[in-house]
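Below you'll find the structure, written out as C-alpha cells, and then a few comments.
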Protein chains: 2
Amino acid sequence: MRHLETLEFIEAIHRAGSIRGAADSLSLTSTALNRRLLALEGELGAPIFERLPRGVRLSPAGELLIQHIRGQRADLERVRSQIADLKGERRGHVKVACSQALLPYFMPREISAYRAEHPLVTFSVNLRDRYRAERALVAHEADIALVFEPVRLADVQVLATAPQPVHAVMARSHPLAAKRVVRLSDLAAFPVGMPSEEFGVRYLLDIAMRRSSVKLTPLIESDSFEFLRCYPGPELMVTFQIPIGLPADDGREPIVTRPIDTRDVPAGLLYLAQMRGRTLPVAAANFARQLARALDAAEPKGE
Amino acid sequence: MRHLETLEFIEAIHRAGSIRGAADSLSLTSTALNRRLLALEGELGAPIFERLPRGVRLSPAGELLIQHIRGQRADLERVRSQIADLKGERRGHVKVACSQALLPYFMPREISAYRAEHPLVTFSVNLRDRYRAERALVAHEADIALVFEPVRLADVQVLATAPQPVHAVMARSHPLAAKRVVRLSDLAAFPVGMPSEEFGVRYLLDIAMRRSSVKLTPLIESDSFEFLRCYPGPELMVTFQIPIGLPADDGREPIVTRPIDTRDVPAGLLYLAQMRGRTLPVAAANFARQLARALDAAEPKGE
DNA sequence: CATTGTGGTGCAGGAATTGCAGCGGTGACG
DNA sequence: CGTCACCGCTGCAATTCCTGCACCACAATG
C-alpha cells in the first residue's frame with residue numbers, strides 16, 4: 001500500500017534508532033529517507049525525532065505519530081480482510097499474544113480446529129506475559145490476547161473470561177497424589193518449583209502465602225513451566241499450573257495434577273481481550289468468537 | 001498530507017459520481033485520476049467502484065474503504081491537533097452538529113466564551129436534525145453533536161445530558177401568560193404553531209397528545225422555530241421551544257414563555273455526544289468538556 | 001588528533017506520474 | 001435510426017518528483 005510507505009519508514013527509523021541504519025534495512029539511501037522525514041516533519045510542523053549525536057530518538061510528537069501509524073496500518077489491514085471476506089476468500093492472518101499456559105494444549109487445539117474450517121488463515125502466536133500482552137494489543141502487535149490474571153485493563157476490552165483454579169503438579173508417585181484436593185498447608189512439607197514473578201499463578205500464590213502465613217520452600221524458580229514440569233521427580237518437588245495448561249489425565253502420564261483448595265488459593269481468571277474500540281479483522285474476530293465459546297465450554301472442566 | 005491524497009481522490013470520485021467529474025473538481029485530468037483508481041484497485045484486489053454507463057458507483061468494498069478513509073483523515077487530524085497542542089499553539093477546528101434550539105443563544109455564547117480563551121480555534125456549526133446529527137458523527141462530518149431527543153444511539157457515545165422541559169411560547173398579552181405553568185388542556189383552546197416532525201419537541205408533543213387525548217389545532221407547521229416565534233401574535237397562537245433555545249426573560253421581550261406541566265409533556269433530554277470509540281482532537285475535546293459543564297450548570301434553570 | 005559515526009545539502013540521472021489524443025461503448029434526443 | 005454527449009480506459013511523450021552520489025559540519029571515541 002503505497003500511501004503508508006512514508007509512515008512505515010518512520011517506524012523503521014524508530015526501530016533502527018538512526019536514519020542511516022533504517023535506510024540500510026530498507027535497501028534505501030540515507031538521503032532518500034532523510035528527505036522523506038524532513039518533508040513529513042515540514043508538513044506536520046513539528047520534528048518527529050530529536051536529533052542526537054549518535055542517532056535519533058522519538059520526540060513527543062513522534063510518539064503520537066507512531067501510535068497513529070500503527071492504528072492506521074491495523075485499520076487498513078481490517079479493511080483488506082473485510083474486502084477479502086466479501087469476495088469469499090476466507091484468508092487472513094491472526095496475531096495472538098498469550099500466556100505460557102495456553103501454548104502446549106489449548107492454542108494448538110483451537111488453531112487447528114479453526115484452520116480445519118478456514119485453511120487460508122494463518123497465525124502468529126507470541127508468548128507475552130501479562131504485562132506485555134496488554135502492551136502488544138495497544139501497539140497493534142497482536143489482535144487478541146489470552147492472558148491469565150491481567151494487570152491493568154485500561155485500553156483493553158474483555159471478550160470472555162474463564163475461572164482457572166490453580167493446580168498442583170507432581171509425579172504420580174508423590175504422596176500428595178493420593179488426595180483429591182490439595183491444601184496449601186500440605187504443600188509446606190515439600191519443595192516447590194516456583195514460576196517467576198511475571199506469571200499470574202505466582203501472583204496468586206504470593207497473595208495466598210501472605211494471607212495464610214504458610215511458607216513454601218522454593219527449590220527452583222523458573223520462567224518455563226515446561227522446565228518445571230519436566231524437572232526430575234525423585235525430589236518430590238511440586239509445581240503449579242492452571243487446568244488449561246494441563247494435558248487430559250489418561251492415567252498414563254508420569255505426572256498428575258490436583259486442584260489446590262480454592263479456600264487457600266483463589267481461582268484466577270483467564271481473560272480473552274482485544275484493544276478497546278478497535279474493529280478486528282474478519283479472521284481475528286471469528287477466531288476470537290471461537291475462543292470465547294471454547295472458554296465457556298471449558299468452564300466446568302477444572303480437572 | 002501526501003499519503004492520503006489517493007484516498008481523498010476516491011472520496012472525490014464518490015462525491016462527483018464519475019471519474020471525469022471528480023477530475024475536473026480536483027484540477028486534474030481524468031487520465032491521472034483513472035490511473036490512480038486502477039492502481040489502488042489493483043493493490044486492494046477488488047474493484048472500489050461499479051462501472052455504470054453514466055459514471056461509477058461505490059461497490060461494497062468501496063463502502064468499506066470510504067469509511068476507512070474518513071476515519072483515517074479524522075485520526076490524522078486528531079494527531080495534528082495534539083501535536084499543535086504540545087507545541088503550545090492552541091489552534092484547531094471544531095465541527096459541531098446541533099439541533100435548531102441551540103443556534104440562537106446557547107452555541108453563540110459558548111463558542112464566544114471558548115474563543116475568548118483560545119482565539120486560534122475556529123468552528124463549524126451545522127444544523128442537523130436528530131436523525132442526521134448522528135449520521136454526521138459517524139461520517140466524521142462533525143466532531144461533537146448536541147441534539148434534543150436523539151433517535152438511536154448506536155455508534156454514539158453520550159458525554160452529557162440535560163433535561164429540557166418543553167415550554168409554551170406566546171405573546172406577552174396572551175391569556176395563558178398569566179399562568180406560571182401551562183397544562184396541555186389549556187392549550188387546546190388556542191391555535192398552535194407546530195414544529196415539523198423531525199424535531200424532538202414535536203416528538204414529545206405527539207406522544208403527549210396520543211396519551212391524553214387532548215387535540216391541539218395546528219395553525220401552522222414549520223421547520224423554523226424562528227419563524228414560528230416571530231409569527232404575528234394577534235392570532236393568540238402558541239408555539240413551543242425548550243429553555244436552552246429561549247432568551248432570558250428580562251420583562252421587555254414581546255414574547256413570554258411558560259413551562260408546560262411535565263405531567264402532561266415529559267421533559268426531553270438534550271444529549272451531548274461524540275462518535276463511539278473516537279479520540280477527539282484537542283480543541284474539540286476541550287470544547288466538549290466546556291459544553292458538558294455548561295449543561296450541568298444549566299440544569300436547574302428551566303425558567 | 002585521526003577515525004567513525006551521525007544528520008543534512010547541491011546536483012545530476014532516473015523513475016513514476018501526468019496530460020494529450022484517441023478508442024469502444026451506452027444512453028438521451030431529435 | 002442517426003447523432004451527440006458522456007462515460008471509462010489506453011498508448012505515447014513530457015514533466016515532475018524522487019533517488020543516489022559526493023560532500024559538509026558536527027560530536028563522540030580511541
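Keep in mind that what you see is a predicted model, and the values were worked out from it rather than measured. All heavy atoms count here, side chains included; hydrogens, waters and symmetry mates do not. First the proteins, then the strands, lettered A, B, ... as listed; each starts at 1.
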### Task
Using a strict 4.0 Å threshold on nitrogen-to-oxygen distance, state whether E41(B) and R51(B) make a salt bridge.
yes
Quickly work out the [X] [atom1] to [N] [atom2] distance and round it to whole Å.
| X | N | atom1 | atom2 | answer |
| --- | --- | --- | --- | --- |
| F9(A) | dT19(D) | CZ | C1' | 11 Å |
| L26(A) | dT19(D) | CG | P | 11 Å |
| R51(B) | dC7(D) | CZ | P | 14 Å |
| L33(A) | dT19(D) | CG | P | 9 Å |

### Query
Any side-chain N or O of R36(A) under 4.0 Å from OP1/OP2 of dT19(D)?
yes
### Message
What's the closest nucleotide to the side chain of V56(A) if the choices are dG7(C), dG8(C), dT17(C)?
### Response
dG7(C)
### Summary
Side-chain contact check for P53(A): nearest option of dT18(C), dT19(D), dA28(D) is dA28(D)
### Message
Let me spell it out: for each of R20(B) and L38(A), pick the nucleotide of DNA chain C with the closest heavy atom. Which residue's pick is nearer the 5' end?
### Response
L38(A)
### Query
When you measure from the centre of the six-membered ring of Y271(B), is the NZ or CZ of R130(B) under 6.0 Å away and within 45° of the axis?
no
### Query
Do T31(B) side-chain and dC9(D) base share a donor-acceptor contact under 3.5 Å?
no
### Query
Has the side chain of R35(A) got a donor or acceptor atom sitting under 3.5 Å from an opposite partner on the base of dG20(D)?
yes
### Message
Categorize L28(A) for me: base, sugar-phosphate, or nothing, with a 4.0 angstrom heavy-atom threshold over every strand shown.
### Response
sugar-phosphate
### Query
Considering residues at least two apart in sequence or located in another chain, which fulfil the side chain to side chain contact (heavy atoms under 4.5 Å, CB included) criterion with A273(B)?
L137(B), V156(B)
